[in-house]
2 protein chains.
Amino acid sequence: MPRQDQQNKQIRDERRAQILQAALRVFARRGMVAAKISDIAKEAGLSHGLVYHYFKSKEEIFMTLVQKALDSSLNVIHYAHERVGTHLEKLRWMTEQIIKSIDNGDEILLFLIMIQASTSDIVSEEVKEMLTGEHAVSPVMATIPLIVEGQKVGEIKQGDPVQLAVTYYAFIQGLAINRIQWEGCPMPEANLIMNIFKKTP
Amino acid sequence: MPRQDQQNKQIRDERRAQILQAALRVFARRGMVAAKISDIAKEAGLSHGLVYHYFKSKEEIFMTLVQKALDSSLNVIHYAHERVGTHLEKLRWMTEQIIKSIDNGDEILLFLIMIQASTSDIVSEEVKEMLTGEHAVSPVMATIPLIVEGQKVGEIKQGDPVQLAVTYYAFIQGLAINRIQWEGCPMPEANLIMNIFKKTP
DNA sequence: GTCTATAACGAGATAGAC
DNA sequence: GTCTATCTCGTTATAGAC
């Protein structure tokens, strides 16, 4: 690969990342429809037209971000599975990671993107497919094995594991929403959330 | 008041309610910006132009709904205060009511409106004022006295009451989101949520 | 009170210059 | 690779007929 091409590739990768970063901020706070390409361009510090050089459409940018958000949430579950310790400890570690990501920086915006994508009617069929399609894997589904295993060995209280997982993610998403509504609101300890899984005497 | 005028007033009240009901459905699922006046008109079964006969703008419709959502959430807290029983029982009753309203009908859509209004940048200053203005009362704030009283008499675990309230509403909002994402998802018992307030031995 | 027709405007997407 | 100018279309909001 000629030297010039490598430099070009680097520029292209940079610009793409730059646009995605800007789009994340704009989409998360304004929503897919209200977000204007010119908003994204301005946030990224480049021209309106250039955005279309790197992405086919606004929809494509949004889809890319939804994919990123989904990957990110599945990743932390994956790492939790691989940790050493009890199932409850794995879940606690995962919860701590999630709270951290809600608590600082732009990572929380990925939650908002996910919530928008999964509660809104306006998303394209492709996005819906990613979230609820035939071979789509949702965070809830990916977490269930961990819960079931924990129940088998008696670390986690009995009951429908699906309901436990749903409740857990309801909590997580609610925290992200709350954090946006009230920046600097006090975040609960991971332990408080873990009470969901513990036996009540 | 002449007979004719009374009939007219009734028609006007009906139409207004009809439009608001339709707007609630459309706004909740598409968002304030993506929702088209023609969508609302179609859902309400009347013409595009008539909507503007009853409301000055799309913004005004949205604002009216935000106010309704806010009133509704404060009302249930108010009733909880007035009930007989321990503070924990009041909170449990309130939680049951909220879960019921999330679980069926269009009431859940009011939660979505509130969440949209409070997480989005696109809402007008007037709406922001309603939610976070000088003499605005948020559900979190309205619930804190109940928690503080419960802590005084030892029914509720110690700790920052603001944090407890935030956590509680995070949970509630998360449940509403979850319910939209997955219609028919299993809803947790009110008791599960009450664990937030209970002392952990 | 209700409708249809239309004015006015803004935003997504493209073309083509540099 | 980057920008500005422009095309095009859909939507809000209004005007005026019934």
Side-chain angles (χ1 to χ4, degrees), chain A residues 1-23 25-27 29-65 120-124 126-127, chain B residues 1-23 25-27 29-65 120-124 126-127:
Chain A
M1 199 193 230
R3 191 188 188 96
Q4 190 60 41
D5 283 12
Q6 280 191 21
Q7 284 185 351
N8 279 348
K9 178 170 175 7
Q10 192 186 337
I11 287 180
R12 274 182 289 139
D13 289 349
E14 255 173 42
R15 289 285 169 276
R16 237 186 109 89
Q18 209 175 335
I19 292 168
L20 284 174
Q21 173 72 10
R25 294 208 177 106
V26 177
F27 277 139
R29 300 309 295 269
R30 304 184 72 85
M32 154 73 189
V33 176
K36 291 175 280 191
I37 292 290
S38 58
D39 292 335
I40 298 172
K42 191 197 276 180
E43 175 83 24
L46 34 77
S47 81
H48 169 179
L50 196 57
V51 175
Y52 283 98
H53 186 73
Y54 287 96
F55 293 91
K56 206 176 91 280
S57 64
K58 192 165 82 163
E59 173 71 32
E60 195 192 59
I61 304 178
F62 187 72
M63 238 180 72
T64 308
L65 287 175
S120 175
D121 269 0
I122 62 159
V123 299
S124 66
E126 282 160 296
V127 171
Chain B
M1 199 193 228
R3 192 189 187 95
Q4 190 60 42
D5 284 13
Q6 280 191 22
Q7 285 184 351
N8 279 348
K9 178 172 174 6
Q10 192 186 338
I11 287 180
R12 274 181 289 135
D13 289 351
E14 255 173 41
R15 290 284 169 278
R16 238 186 109 90
Q18 208 176 337
I19 292 168
L20 284 173
Q21 173 71 10
R25 294 208 177 105
V26 178
F27 278 138
R29 300 310 295 269
R30 304 184 72 87
M32 154 75 188
V33 176
K36 291 174 282 190
I37 292 289
S38 58
D39 292 335
I40 297 172
K42 191 197 276 178
E43 175 83 22
L46 34 78
S47 81
H48 168 180
L50 196 57
V51 175
Y52 283 100
H53 185 72
Y54 287 96
F55 293 91
K56 206 176 90 282
S57 64
K58 191 164 82 162
E59 173 72 31
E60 194 193 60
I61 304 178
F62 187 73
M63 240 180 71
T64 308
L65 288 174
S120 175
D121 268 1
I122 62 159
V123 298
S124 67
E126 282 161 296
V127 171

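Below, read A as the first sequence line, B as the second, and so on, with proteins coming before strands; counting in each chain starts at 1. Since we're looking at a predicted model, the values are computed, not measured.
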Can you tell me if A:Glu60 has over 12 outside heavy atoms packed within less than 6.0 Å of its CD?
yes

Going 5' to 3' through nucleotides 12-18 of chain C, assign each nucleotide B (protein heavy atom under 4.0 Å from a base atom), S (under 4.0 Å only from sugar-phosphate atoms) or - (no protein heavy atom that close).
SBB----

Is it true that A:Lys9 and A:Asp13 have a side-chain N and a carboxylate O under 4.0 angstrom from each other?
yes

List the residues meeting side-chain contact (heavy atoms from CB on, under 4.5 Å) with B:Arg25, not counting sequence neighbours, and say none if there are none.
B:Gln21, B:Glu43, B:Asp106, B:Leu109

Does D:dG1 have OP1 or OP2 sitting under 4.0 Å from an N or O in the side chain of A:Arg12?
yes

Please check the phosphate of C:dT2 (OP1 and OP2 only) for any side-chain N or O of B:His53 closer than 4.0 Å.
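Checking C:dT2 against B:His53, no side-chain N or O comes under 4.0 Å of OP1 or OP2.
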
In whole Å, what is the span from the [atom1] atom of [X] to the [atom2] atom of [N]?
{"X": "A:Phe62", "N": "C:dA11", "atom1": "CZ", "atom2": "P", "value": "19 Å"}
{"X": "A:Ile122", "N": "C:dA11", "atom1": "CD1", "atom2": "P", "value": "16 Å"}
{"X": "A:Leu50", "N": "D:dC3", "atom1": "CG", "atom2": "P", "value": "5 Å"}
{"X": "B:Phe55", "N": "D:dT12", "atom1": "CZ", "atom2": "C1'", "value": "16 Å"}
{"X": "B:Lys9", "N": "C:dG1", "atom1": "NZ", "atom2": "C1'", "value": "15 Å"}
{"X": "B:Asn8", "N": "C:dG1", "atom1": "CG", "atom2": "C1'", "value": "7 Å"}
{"X": "A:Lys42", "N": "D:dT2", "atom1": "NZ", "atom2": "C1'", "value": "19 Å"}
{"X": "A:Phe27", "N": "C:dA11", "atom1": "CZ", "atom2": "C1'", "value": "13 Å"}

Pair B:Glu59, B:Val127 - check side-chain contact (heavy atoms from CB on, under 4.5 Å), show working.
CA-CA 9 Å; B:Glu59 173 72 31; B:Val127 171; 3.7 Å; yes

Excluding sequence neighbours, so at least two apart, what forms salt bridge (Lys or Arg N to Asp or Glu O under 4.0 Å) with B:Arg15?
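Listed in chain order: nothing, the list is empty.
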
Taking C-beta and beyond as the side chain, do B:Lys58 and B:Phe27 meet within less than 4.5 Å on heavy atoms?
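Result yes, sub-4.5 Å side-chain heavy-atom pair found.
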
